[in-house]
Amino acid sequence: MSHDPHNPNTPEQSQLGRASAYADRYDPTLLFPIARATQREAMGIKTGALPFFGADLWTAFEVSWLNLRGKPQLAIAHFTIPCETPNIIESKSFKLYLNSFNNSQFASADAVRERLRADLSEAAWRGSDQQATIGVSLLAPDMFDREPVHELDGLDLDRLDIECTHYQPTPELLSSDTTQAPVNETLTSRLLKSNCLVTGQPDWGSVQIRYSGPPIDQAGLLAYIISFRNHNEFHEPCAERMFTDIWTRCKPNKLAVYARYTRRGGLDINPFRTSWPQALPPNIRTARQ
């Protein structure tokens with residue numbers, strides 16, 4: 001597998017699974033980008049011709065800094081990282097970076113937001129000739145009451161009483177009935193679980209599958225989602241693996257995969273991948289997040 005010489009970081013070199021000193025003074029060098037290309041190439045996804053659009057929607061619930069009088073300030077932050085960026089940002093490094101704001105003074109929330117935007121954009125695009133900014137928004141405490149909790153919309157696959165025997169991704173479980181008229185369906189499950197690529201710690205999530213095309217066998221789709229249960233992979237490639245397998249095996253005309261993972265270290269990651277350009281889903285947390 002090829003590695004970008006400008007970004008040679010590997011998951012094993014990250015702070016995952018290691019005892020870490022928590023810097024409480026602003027330090028952008030803590031961010032640890034990891035090239036998306038390595039895991040995409042393993043799935044047969046060509047970086048120069050992605051089969052999907054989308055982004056990774058992050059929420060940070062533990063963002064704090066000091067104002068110029070030394071008084072702590074806090075916010076909830078939403079980040080939008082396009083799937084076209086060459087790198088993901090390893091989540092523990094993201095957490096350590098955010099903690100480095102804790103005892104650092106900033107003139108305003110706007111100054112914090114612009115610092116976040118600049119640093120995260122540099123890390124996400126590091127090693128690329130292309131540069132763009134990622135989306136950053138900060139919600140002040142007076143806005144917290146407006147933050148809803150809502151489960152993913154769609155028909156619940158978990159209602160199905162199925163036998164499960166596969167706990168590593170098994171695309172052979174997927175099928176669609178091409179003899180039937182095309183349908184438009186939105187299907188959901190809360191039974192998504194995978195494990196951290198480095199530490200093996202469990203990652204819990206929900207997933208929404210929206211598609212148009214020949215009807216997908218729902219029991220097989222649920223068994224496929226459950227088959228990720230013992231699989232070690234980061235959140236973002238898990239969603240891309242789902243998209244690629246469903247697209248290849250079920251041959252829908254349109255497909256969107258949206259996974260919402262529960263938070264760890266005050267961060268949740270919610271990858272969205274779609275076969276057609278569309279607005280990103282609102283970053284609304286589920287009850288378990």
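In summary, the side chains of T85 and N87 do not present any donor paired with an acceptor at a separation below 3.5 Å, with no hydrogens or angles considered. A donor-acceptor contact closer than 3.5 angstrom is absent between the side chains of N253 and S212. A donor atom on one side chain and an acceptor atom on the other are not found under 3.5 Å apart for N195 and E233. In this model, a donor atom of one side chain and an acceptor atom of the other lie less than 3.5 Å apart for Q278 and R210. Under 3.5 Å, the side chains of N99 and R25 contain no donor-acceptor pair of N or O atoms.
Heavy atoms of other residues, nucleotides or ligands lying less than 6.0 angstrom from CG of D142 number more than 12.
Every pair passing salt bridge (Lys or Arg N to Asp or Glu O under 4.0 Å) that includes a residue from residues 103-116 is listed here, sequence neighbours excluded: D110-R113, E114-R117, R115-D119. Residue pairs meeting the ring-ring contact (aromatic ring centres under 6.0 Å, His included) criterion with at least one partner in residues 68-93, sequence neighbours excluded, are F79-F94.
For the atom pair CD1 (I225) and OG (S227), the distance works out to 9.0 Å, reported to the nearest 0.5 Å. Here CG of L157 is found 9.0 Å from CD1 of I226. Values are rounded to the nearest 0.5 Å. Between atom CD1 of residue I269 and atom CG of residue D56 there is a gap of 7.5 Å, rounded to the nearest 0.5 Å.
Between the side chain of Q289 and the backbone N or O of T286, at least one donor-acceptor pair lies under 3.5 Å. Distance alone, capped at 3.5 Å, places no donor-acceptor pair between the T133 side chain and the S121 backbone.
Checked against F243 for a side chain to side chain contact (heavy atoms under 4.5 Å, CB included), the options I209, I45, L255, T248 give a single hit: L255.
E236 has no carboxylate O lying under 4.0 Å from a charged side-chain N of R36, or vice versa, which leaves the two without a salt bridge.
Under the side chain to side chain contact (heavy atoms under 4.5 Å, CB included) criterion, D158 pairs with D156, S189, R190, L191, L222, not counting sequence neighbours. Shown here are the ring-ring contact (aromatic ring centres under 6.0 Å, His included) partners of F272, two or more places apart in sequence or in another chain: Y258. Judged as a side chain to side chain contact (heavy atoms under 4.5 Å, CB included), and not counting sequence neighbours, K46 has no contacts. For F228, the ring-ring contact (aromatic ring centres under 6.0 Å, His included) partners two or more places apart in sequence, or in a different chain, are Y224, H231.
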Audit row: R229, L192, side-chain contact (heavy atoms from CB on, under 4.5 Å) steps and yes/no: CA-CA 7 Å; R229 192 167 184 84; L192 174 61; over 6 Å; no
side-chain contact (heavy atoms from CB on, under 4.5 Å) assessment of N67 paired with F106: CA-CA 5 Å; N67 69 11; F106 291 87; over 6 Å; no
